[in-house]
Amino acid sequence: MHASEIVACVDGPLLVRGDFELVSSTGEPVERTRRTVALCRCGASAIKPFCDGTHKLVGFRTEPPREPDAVEGSQ
Amino acid sequence: MEATRSAATSDEWSFEAPPFGARGPVSEQLLAAFRRPAADADETLAGLPVALADAIAATDDIARDDDLQLSLLLLHGLHYGSVVDADEEWEWHPSTVAARVAIERAFEHELRERVGSVAVPSADAEAVAAALFKLTKPTPGPSVARFVAKQATDEQAREYVVLRSVYTLKEADAQTWSIPRLSGRAKAALVEIQADEYGGGRPERMHSAIFARTMRELGLDDRYGAYLDAVPAITIASFNMMSMFGLNRRLRGASAGHYAAYEMTSSLPNRMLGDGFRRLGYGEEVTDYFDEHVEADAVHEQIAGRDLAGGLAEHEPSLVPDIMFGAVASMMIDGWAAERTLDAWTAGRSALREAVDLGRSAQLEEVS
Ligand code: FES
């Protein structure tokens, strides 16, 4: 069991939870208002370093597109 | 409004009338009964089952039925508190429970019929998350959030807040009811989201409290139900649906799917809503609520899709169809409510059910 965990979300941000410190490149602490944060990795967020969901608008892909595998019915 | 009395002694009690009125025979009988102790139910609720069965049989669109949706809100309100001032014994009184379940069953039946058959992913967390993200993919074109961002008047922006208040003054409470009905990864995920919704230990950062502050800053009354008469049935139905999903263990799959879809359609619209209020000249005290959700829900949507809905799917594969039902139902009912609002606004009408003076804030008057 590690003190913190980073989840690389498919087609989305890096989710960071646990015990960690978030600092800028000059080492200044980045203000954080929640325990678990989502860090932008698509580059398009307006609230960097945090994710604001914009990755969905820019079609950000972390891997070859994966089609949800529908097995029955249709909408 | 805090009712702390119980039904041991009766007579001299009087329960305050709520700040809203009935919308038909069922809600009228319930509201009248709630002014009296639950011990008087035989008298005050006489004939209710028949009146209710008639109303359910007569409605051709329960999601837009004013009397039935208000009645369901009143009945769920007994569990929430702070909806109507009433004898607390009503919460589990057999007659109110029976009424609640009767409306819920009819409502659920209608929702399932309208949703129809839905594509079901395999019971794998990533597949479920992918299916939910696909379902909720942002679409171009008119939306309430875009309208608020670009062109809403001050009055329309206030109407938006009033409509949203039905759920948001009790934000996250409906979903909290699912916590003990889940286990393992899904439960941990929901608790992680809810801790954030409830302010991470700081009551003033609780989302419902931040929203109440937005209302006060706009000069609006933040007491629950203060503008309920102005809220159309479909908006109440959207809230009732989440309460129903949360209160029925059987519907835990739908509740998880609903919450995931709700979080997935929140960040981007809230950014636009914040921009709209800034465009109208409001400061951080008003936009804080929307801005907070841009960041929060970008976190929540990942946890809700993968760990809550996805985790539940892996733990209980038989719930996958209900997870997708809840998600589609969320998009559907909120789509109906949004369509009603946009139709009204683009036609130059109020989106409210009846005209209410929502005032203008002192802050804005100073500026203009
Ligand atoms: S990863 Fe979400 S906005 Fe960049």
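The sequence lines fix the lettering, A, B, ..., with proteins before strands; numbering per chain opens at 1. Since we're looking at a predicted model, the values are computed, not measured.
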>> With a strict 4.5 Å heavy-atom criterion, list every residue of residues 192-207 of chain B that contacts chain A, or say none.
In response: B:Glu192, B:Asp196, B:Arg202, B:His207

>> To check you understand the geometry: which heavy-atom pair defines the closest contact between B:Val299 and A:Leu15, and what is its length?
In response: CG1-CD1, 3.9 Å

> Side chain, backbone, both or neither: which part of A:Ser45 has a non-hydrogen atom closer than 4.5 Å to chain B?
Replying inline: neither

> Heavy-atom count around A:Arg35 CZ within 6.0 Å, excluding the residue itself: above 12?
Replying inline: no

>> Applying salt bridge (Lys or Arg N to Asp or Glu O under 4.0 Å), can you list everything that pairs with A:Arg32, at least two apart in sequence or on another chain?
In response: none

>> So for atom NZ, which belongs to A:Lys48, do other residues, nucleotides or ligands contribute more than 12 heavy atoms lying within a distance under 6.0 Å?
In response: yes

> Between B:Ala296 and chain A, which part of the residue has a heavy atom less than 4.5 Å away: side chain, backbone, both or neither?
Replying inline: both

>> So, using side-chain hydrogen bond (donor to acceptor under 3.5 Å, both in side chains) as the criterion, who are the partners of B:Ser178 when residues are at least two apart?
In response: B:Ser255

>> I need the B:Leu268 CG to A:Leu57 CG distance, nearest 0.5 Å.
In response: 5.0 Å

> At their closest point, which heavy atom of B:Met264 faces which heavy atom of A:Lys56, and how far apart are they?
Replying inline: O-NZ, 2.8 Å

>> Which heavy atom of B:Ala298 sits nearest to which heavy atom of A:Cys51, and what is that distance?
In response: CB-O, 3.2 Å

> Would A:Thr54 and B:Arg271 satisfy side chain to side chain contact (heavy atoms under 4.5 Å, CB included), going step by step from the backbone distance to the final call?
Replying inline: CA-CA 10 Å; A:Thr54 307; B:Arg271 156 110 151 268; 3.8 Å; yes

>> Which residues pass the salt bridge (Lys or Arg N to Asp or Glu O under 4.0 Å) test with B:Arg185, not counting sequence neighbours?
In response: B:Asp307, B:Glu314

> With chain A, which of B:Met324, B:His293, B:Glu301 has the greatest number of heavy-atom pairs at distances under 4.5 Å?
Replying inline: B:Glu301

> Which heavy atom in B:Gln302 sits nearest to a heavy atom in A:Gly12, and how many Å separate them?
Replying inline: NE2-CA, 4.4 Å

